[in-house]
2 protein chains.
Amino acid sequence: MNSFTEENYLKAIFKLLEKGEKAVSTTALSARMTTKAATVTDMIKRLAEKKLINYEKYQGVTLTEKGKAIAISIIRKHRLWEVFLVEKLHFKWDEVHEMAEQLEHVKSEELVNRIDAFLNFPKFDPHGDPIPDAKGVFNRKKSVLLAEINTGQNCIMTGVVDHSVNFLQYLDKVGLSIGKEIKLIEVVGFDKSIQVQLNGKEKVFLSHEVAKNLLVNKQ
Amino acid sequence: MNSFTEENYLKAIFKLLEKGEKAVSTTALSARMTTKAATVTDMIKRLAEKKLINYEKYQGVTLTEKGKAIAISIIRKHRLWEVFLVEKLHFKWDEVHEMAEQLEHVKSEELVNRIDAFLNFPKFDPHGDPIPDAKGVFNRKKSVLLAEINTGQNCIMTGVVDHSVNFLQYLDKVGLSIGKEIKLIEVVGFDKSIQVQLNGKEKVFLSHEVAKNLLVNKQ
DNA sequence: ACAAATATTTAGATTAGTCTAAATATTTAG
DNA sequence: CTAAATATTTAGACTAATCTAAATATTTGT
Ligand SMILES: [Mn+2]
Ligand SMILES: [Mn+2]
Ligand SMILES: [Mn+2]
Ligand SMILES: [Mn+2]
């Protein structure tokens with residue numbers, strides 16, 4: 001059995017690898033885990049010992065098949081619990097992450113599969129992130145950043161890049177949520193801020209910083 | 001914040017105190033926790049330091065108000081999660097304890113209160129054990145052992161003393177479950193085994209050992 | 001290409017939780 | 001009431017996860 005700490009390292013490595021790098025550096029991992037590089041070196045030795053990661057001194061790490069499967073199962077649990085908390089217990093999308101951080105470590109394959117069925121096999125979590133199925137297969141979606149859309153284009157909001165409570169609450173305030181129809185009305189040349197129209201109704205101004213953190217699908 | 005281990009010690013002390021003793025001995029606690037007495041001595045020093053228990057060398061321990069509140073909150077979470085697992089995810093009563101042992105340590109008062117509401121404020125868990133409310137108040141029930149009932153008496157099954165998977169599965173097999181009507185037909189003088197009638201229908205033989213582990217309310 | 005900057009590993013400590021073995025205190029029984 | 005049995009605590013050690021400081025390796029920039 002793996003400890004919570006080991007599971008969290010595997011998840012962190014998975015997410016860093018997802019970003020494109022071919023191996024995860026000690027420093028990148030220590031930043032993500034908010035620990036010191038020396039601590040990371042100790043831990044990656046342990047994970048390599050357990051054959052959950054591939055590690056060569058000074059060369060960074062990658063996940064073995066076994067390690068990857070564990071990372072995906074943690075992510076699956078995290079996202080399913082978030083759906084449960086929002087859909088069934090009526091928490092808001094900015095309130096669920098910390099609870100899911102704990103719930104993702106509950107050990108029972110059967111439990112997560114029953115939750116999955118109870119929720120009707122959702123494909124995305126409350127933040128628009130894909131939920132891998134029981135076999136670890138992700139529903140790969142081809143969303144783009146709202147910041148990269150052309151004027152006049154109609155889109156559907158599909159997710160967020162920044163998951164912070166602050167950002168999520170701001171989106172609530174301006175009326176942005178997953179599934180909303182967003183039409184790009186205008187891009188201001190000076191600072192790249194934009195004006196959008198939501199569901200063909202209210203018009204809203206968004207900074208470039210915000211637009212860079214919103215994922216959409218073109219209509 | 002308290003560790004899982006500390007929470008488990010507090011819960012164990014609570015349950016041992018419930019059994020009637022005025023203080024819990026190091027040995028009793030080490031048996032319950034399946035650790036060594038020396039380990040318990042270390043831990044009770046830590047818990048006393050944190051003012052969660054009252055401890056005097058060689059005199060055993062009791063819970064402070066703070067310690068008692070924590071123990072009750074863990075028990076509340078454990079039992080509510082068990083109800084959730086049985087009622088919503090359709091697990092059987094012999095399958096839920098291990099999952100609840102993990103879920104009881106998830107830290108969020110709000111979460112447990114939402115689960116409580118989601119389940120419609122149940123008063124008892126799937127094994128008939130009372131669930132304390134958000135203020136820590138237990139629904140005290142006055143159940144008696146089936147072994148102490150007189151011939152001819154009609155009762156309702158309200159709980160179990162032994163919570164083992166083996167016992168629970170045996171009860172399923174013979175058709176005994178919480179809420180069932182049990183009429184005591186006959187007590188065999190030789191070995192105190194009994195014959196009972198369930199819901200006015202099937203008759204079943206039960207050993208004295210089984211009867212000593214079933215809780216009922218007289219009708 | 002090599003010195004300076006940066007990244008990584010090693011060495012040595014610390015804390016929580018556990019153990020075994022030994023010391024000491026309490027309880028029990030003759 | 002004391003000796004033997006039992007319970008409890010103390011001492012010393014181990015592992016996982018963390019840290020700081022020092023050593024070493026890699027990368028970068030002139
Ligand atoms: Mn999350
Ligand atoms: Mn999420
Ligand atoms: Mn239980
Ligand atoms: Mn129970």
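Proteins get letters first, then strands, A, B, ... in listed order; numbering begins at 1 in each. The figures that follow rest on heavy atoms only: side chains count, while hydrogens, waters and symmetry mates do not.
- Base pairing of dA4(D): its partner is dT27(C), meeting the Watson-Crick or G-U wobble criterion (both donor-acceptor distances under 3.5 Å).
- Among the atoms of the strands shown, only primed sugar atoms or phosphate atoms (P, OP1, OP2) are found under 4.0 Å from some heavy atom of Thr5(A).
- Between Thr35(A) and dA17(D), a side-chain N or O to OP1/OP2 separation shorter than 4.0 Å is absent.
- Rounded to whole angstrom, the span from the CZ atom of Arg32(B) across to the C1' atom of dA7(D) amounts to 20 Å.
- Taking for each of Ala37(B) and Met43(B) the nucleotide of DNA chain C with the nearest heavy atom, the 5'-most of the two is the partner of Met43(B).
- Rounded to an integer number of Å, the gap from CG of Asp42(A) to C1' of dT20(D) is 13 Å.
- Looking at heavy-atom distances under 4.0 Å, Thr39(A) makes contact with a base.
- The distance between atom CD of Glu49(B) and atom C1' of dA16(C), rounded to the nearest whole Å, is 14 Å.
- Looking at Trp93(B) and Asp125(B), their side chains never bring a donor and an acceptor atom within 3.5 Å of each other.
- Checking dG17(C), dT18(D), dT20(D) against every side-chain atom of Lys36(A), the shortest atom distance belongs to dT20(D).
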Between Ser30(A) and Thr35(A), is a side-chain hydrogen bond (donor to acceptor under 3.5 Å, both in side chains) present by the stated rule, with each step listed?
CA-CA 5 Å; Ser30(A) 76; Thr35(A) 55; 5.6 Å; no
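- At a non-hydrogen distance threshold of 4.0 Å, Tyr58(A) from residues 52-63 of chain A come into contact with DNA chain D.
- A salt bridge does not link Asp162(A) to Lys212(A): none of the charged nitrogens lies less than 4.0 Å from a carboxylate oxygen.
- Rounded to a whole Å, the CD atom of Glu7(A) is 11 Å from the P atom of dA17(D).
- Here dA16(D) presents its P atom at 14 Å from OH of Tyr9(A), a figure rounded to the nearest Å.
- Closest contact between the side chain of Thr41(B) and the listed nucleotides dT9(C), dT18(D), dT9(D) involves dT9(D).
- In this structure, Ile44(A) atom CD1 and dA16(D) atom C1' are separated by 16 Å, rounded to whole Å.
- Between the CG atom of Leu29(B) and the P atom of dA7(D) there is a distance of 15 Å, given to the nearest Å.
- If you check dT18(D) for Watson-Crick or wobble pairing at under 3.5 angstrom, you find it paired to dA13(C).
- Contact check, Ser3(A) against dA17(D): a side-chain N or O comes under 4.0 Å of OP1 or OP2.
- Closest contact between the side chain of Glu6(B) and the listed nucleotides dT10(C), dG17(C), dT18(C) involves dG17(C).
- Rounded to whole Å, the distance from CZ on Phe4(B) to C1' on dT18(C) is 18 Å.
- Taking the side chain of Ala38(A) as heavy atoms from C-beta on, and the options dA11(C), dT10(D), dT18(C), the nearest nucleotide is dA11(C).
- Because its NZ or CZ atom is not both nearer than 6.0 Å to the ring centre of Phe118(B) and within 45° of the ring axis, Lys88(A) does not count as a cation-pi partner of that residue.
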Walk me through whether Glu104(A) and Lys11(A) qualify under salt bridge (charged side-chain N to carboxylate O under 4.0 Å, His left out).
CA-CA 11 Å; Glu104(A) 72 187 6; Lys11(A) 187 174 56 149; 2.8 Å; yes
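- Aromatic rings from His97(B) and His78(B) are positioned such that their centres are separated by under 6.0 Å.
- Remark: Arg114(A) is positioned above the aromatic ring of Phe91(B), its terminal NZ or CZ atom under 6.0 angstrom from the ring centre and at most 45 degrees off the axis.
- Each of Glu7(A), His105(A), Lys50(A) was compared with Asn2(A) under the side chain to side chain donor-acceptor pair (under 3.5 Å) criterion, and only Lys50(A) meets it.
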